[in-house]
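Reading through the structure tokens given below for one structure.
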Amino acid sequence: MNDWTLDYLHFDPTQEGLREALCTLGNGYFATRAAAEETEAGEIHYPGTYLAGGYNRLTTEIAGRVIENEDLVNLPNWLCLTFRPDGGDWFNLMAVDLLDYRQTLDLEAGVLKRQLFFRDHQGRETRLLTRRLVHMAHPHIGAIEWRLLPENWSGRVLVRSALDGRVINAGVERYRQLASTHLVPLSTDVPCDDTVRLQVETCHSRMYIAQAARTRLRVNGQTWENKRQTSQEPGYIAHELALDLAPGDEAVIEKVVAMHASRDRAIAEPGLAACQSVSRAGAFDDLLSSHQHFWKHLWQRCDVKLDGGGRAQMILRLHIFHLLQTVSPHIVDLDAGVPARGLHGEAYRGHIFWDELFIFPFLNYRIPEITRALLRYRYRRLEEARHLARKAGYQGAMYPWQSGSDGREESQQVHLNPKSGRWVPDDSSLQRHVNAAIAYNIWRYHEVTEDCEFLSYFGAEMLFEIARFWRSAATWNPQRKRYDIRGVMGPDEFHDRYPDAQTPGLDNNTYTNVMAAWVLARAAHVYDLIGERRRGELSDILGLENEEISEWITLSQNLYVPFHADGIPSQFEGYEALQEFDWAGYRERYGDIHRLDRLLEAEGDSVNRYKASKQADVLMLFYLFSAEELSDIFSQLGYAFPPELIQSTISYYQQRTSHGSTLSRVVTAWVLARSDRRQAWDLFQQVLESDIGDSQGGTTQEGIHLGAMAGSVDLIQRGHTGLEVRDGMLRLNPCLPEALPGLHMRLRFRGHWLELDVNHDRLTLVAPEGWGEPKRIMFCNETYPFSESQPLELHYSPEAHCWQTNKD
Ligand code: BGC
């Protein structure tokens, strides 16, 4: 098996939506779904092109309310390319006999290919070989190459190459009742012989987008010159070219497209920039070679090799590939966040959630510049977060659960339950824990990079304002002599209120409170860390007094955490009193119950009544912190947290979770990695299958689940190696699953690249040139000296049951 390609050997119309998402090509600036060039949006196909940060807002009247939605806009379809024999129909895969079919996504090169052999109703047999790329080095360029080979016929052929801006956002069935026309056509023209241009504008955000498409033809290696026809209407322009072919001929059609938007840097205006970019772009093969070159370097940094290769390896690479296509180094110059569903579809409207928590660790250890840029996305929206806090009666900064263009709260207020057809209230914006995730991400980025400039200038300000928010969100409870955080939702989105309560919100969600305690303590620590000058500046700017810092510390030691009678931390106060859910009965009745909230609502019941969670909630704590860190946090809070509690807590919640979010299995696999390696490996396999196997039953076609994709790689990167940075020291503590013989990867730690090889009985860590002074690395709780000339080499001694250096 080739573990660098995703191959489909049969055409299956029912799978096209899924494959279009999985074979999306992108470069961090824009991405385009893998709809075949000759297709249009309809039951089977959904071409979609999305720009990082390319949002627009529309209003709709629904369920008696006027609601506003901000969407990642489906931009003009630049793919349109088709042909027909003179007098015949335009090429349609559904209307021919398919004699041979293969679609390949080449992950190494970043190229999507098709090899087709078909016979039409007139008995004409044709071979069509297609290649497509979205250029990784020139982020404004996409290119298509078609090779057309008539096998048994000759005659005139018409080729049509178009730009189509008459598109709407129609990629998610559940949203179809919502307004969806975002684009206003501006103009179409033919700026030079072989190029057409289309310009459109988004109706609210007034983003002006220009695409220019250059179409060239060669027949048997000779440039084909002939007159072209142009057809145009508002929002659409096409070139039509006629040529004569006979058996044995090969026609090569190349379409190179450039796209620019009004918010691009270093341009005069998008229309001109698109023409310039396309006229300067080389031929397909030249573009391919520079594109591959860029990918080669990305893979050198980012590949994670599993010994034994196989399907797991291929899927892991697919996940890395999509991560890099969504947030490539080009994002560094953009004002964009990382959408939970990639730039691969319209689910969640391209919004940004807490999923960064699952995505950043991979980037931190490889291209931390990307994490920095994504944290800057949050920093630019700090003022909006302050406004949100004030509006809700809090202080500091309260980041929204869902974020889009300007950082206001983009969560929907109602959502459609497809099982009942009802629009039901959506209170998910009460997930205040997104603030803790941002603070946590700032700190973890700092630990891996030691980017002090970022921490003191941007990170500290966000951290302090988030700490202030938590301080204002906590209220003193004189009965229990602790602080409460009331009226929130935890990560588990099934529970949004107490059974039969009129108002949404739950009290003392353990995850939220523990994270708030961690943020408050960390903010106080960073206040000490940033140095006197910056401390003085920030204190002035933010009006921070020492007294307030002391309050953060007090609060971090006195937040309330609810426990069940048997000592298990309760997901929230009152969780223990909820009814047990009939998991077996519902599984038997419905089979797939991962969205049992929808099933219960359709039955007139509510999941709020049951001990049934959509996803890991309390268990998130074991995911984000090592056992040592967690035990410190609990002891700082004045709660005992005996090590055996970890296992019983995991097992308690595991039995009560439907994994209705793909993130949930990532967390569960992680927390089991050391105690139950076999189950952890099974869960890891399920995480790998989430998107490629569309395990949520139809959701992947609406966009990949980037958090789970990145999380799967991180399970290998950190989960099974025990990689962490704590107190400034890099630590390793490998625990490979039996089924994984070994792994190899490169890591970047504080500006230096390291090469790590681990298998069950040997670990080597090599520092390439420039590592500098010898440092110490912590491995399984022992520290070892380590330098450029002295790589760390450890062997497992089965007799001694421990790891030893050669010198032991
Ligand atoms: C999950 C959230 C997640 C969101 C976007 C939801 O289904 O419950 O935790 O942030 O999807 O991925």
Side-chain angles (χ1 to χ4, degrees), residues 21 71-72 172 174-175 319 322-323 326-327 337-360 374 378 399-404 409-412 415-418 424 426-438 440-441 488-496 506 509 511-512 515 571 592-598 607-608 612-621 623-624 653 657-668 670 687 690-691 694-712 714:
D71 285 85
L72 196 64
V172 177
R174 290 183 306 289
Y175 304 162
H319 291 180
H322 284 307
L323 182 58
T326 310
V327 285
V338 52
R341 305 297 285 272
L343 297 170
H344 297 57
E346 291 159 18
Y348 292 133
R349 307 194 165 81
H351 293 168
I352 294 131
F353 297 63
W354 72 324
D355 302 45
E356 296 166 339
L357 207 51
F358 298 82
I359 293 167
F360 288 179
L374 295 169
R378 295 295 192 177
Y399 279 92
W401 172 240
Q402 294 187 27
S403 180
E409 179 58 82
E410 301 294 353
S411 299
Q412 50 197 354
H415 67 243
L416 180 68
N417 178 2
V424 288
D426 188 324
D427 296 299
S428 53
S429 64
L430 290 174
Q431 292 184 72
R432 308 289 186 226
H433 61 84
V434 61
N435 288 281
I438 294 168
Y440 178 93
N441 288 335
V488 302
M489 272 175 74
D492 158 33
E493 296 189 324
F494 282 177
H495 291 98
D496 63 357
L506 299 156
N509 168 260
Y511 172 71
T512 305
M515 291 304 289
Q571 188 173 304
D592 176 5
I593 58 163
H594 71 269
R595 289 307 303 263
L596 60 91
D597 56 329
R598 292 179 176 164
V607 71
N608 275 314
S613 301
K614 178 180 175 188
Q615 64 202 95
D617 193 305
V618 175
L619 298 193
M620 281 298 300
L621 295 172
Y623 175 65
L624 296 180
Y653 286 108
T657 304
S658 77
H659 299 304
S661 157
T662 52
L663 301 174
S664 189
R665 285 197 178 87
V666 174
V667 179
T668 315
W670 183 286
V687 173
S690 300
D691 275 326
D694 193 16
S695 67
Q696 303 270 9
T699 61
T700 299
Q701 61 177 344
E702 303 168 346
I704 54 163
H705 298 82
L706 203 59
M709 282 195 169
S712 71
D714 196 35

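Order of appearance sets the numbers: ligands from 1, and atoms from 1 within every ligand. In what follows, residues are counted from 1 in the order of the sequence shown. No experiment lies behind these values; they were computed from the predicted model shown.
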Taken in chain and number order and not counting sequence neighbours, the residues that satisfy ring-ring contact (aromatic ring centres under 6.0 Å, His included) with His344 are His322
Check: Side chains of Gln615 and His659: is there a donor and an acceptor less than 3.5 Å apart?
Finding: no
Worksheet entry | Cationic N near anionic O, under 4.0 Å, Arg174 to Glu702 | yes
Using heavy atoms and a strict 4.0 Å limit, residues surrounding ligand 1 turn out to be Ala340, Tyr348, Phe353, Trp354, Asp355, Trp401, Glu493, Lys614, Gln615, Ser661, Leu663
Sorted by chain and residue number, the salt bridge (charged side-chain N to carboxylate O under 4.0 Å, His left out) partners of Glu493 (sequence neighbours excluded) come out as Lys614
Residues passing the ring-ring contact (aromatic ring centres under 6.0 Å, His included) test with Tyr511, sequence neighbours excluded, are His433
4.5 Å side-chain heavy-atom contact, His705 and Thr700: yes
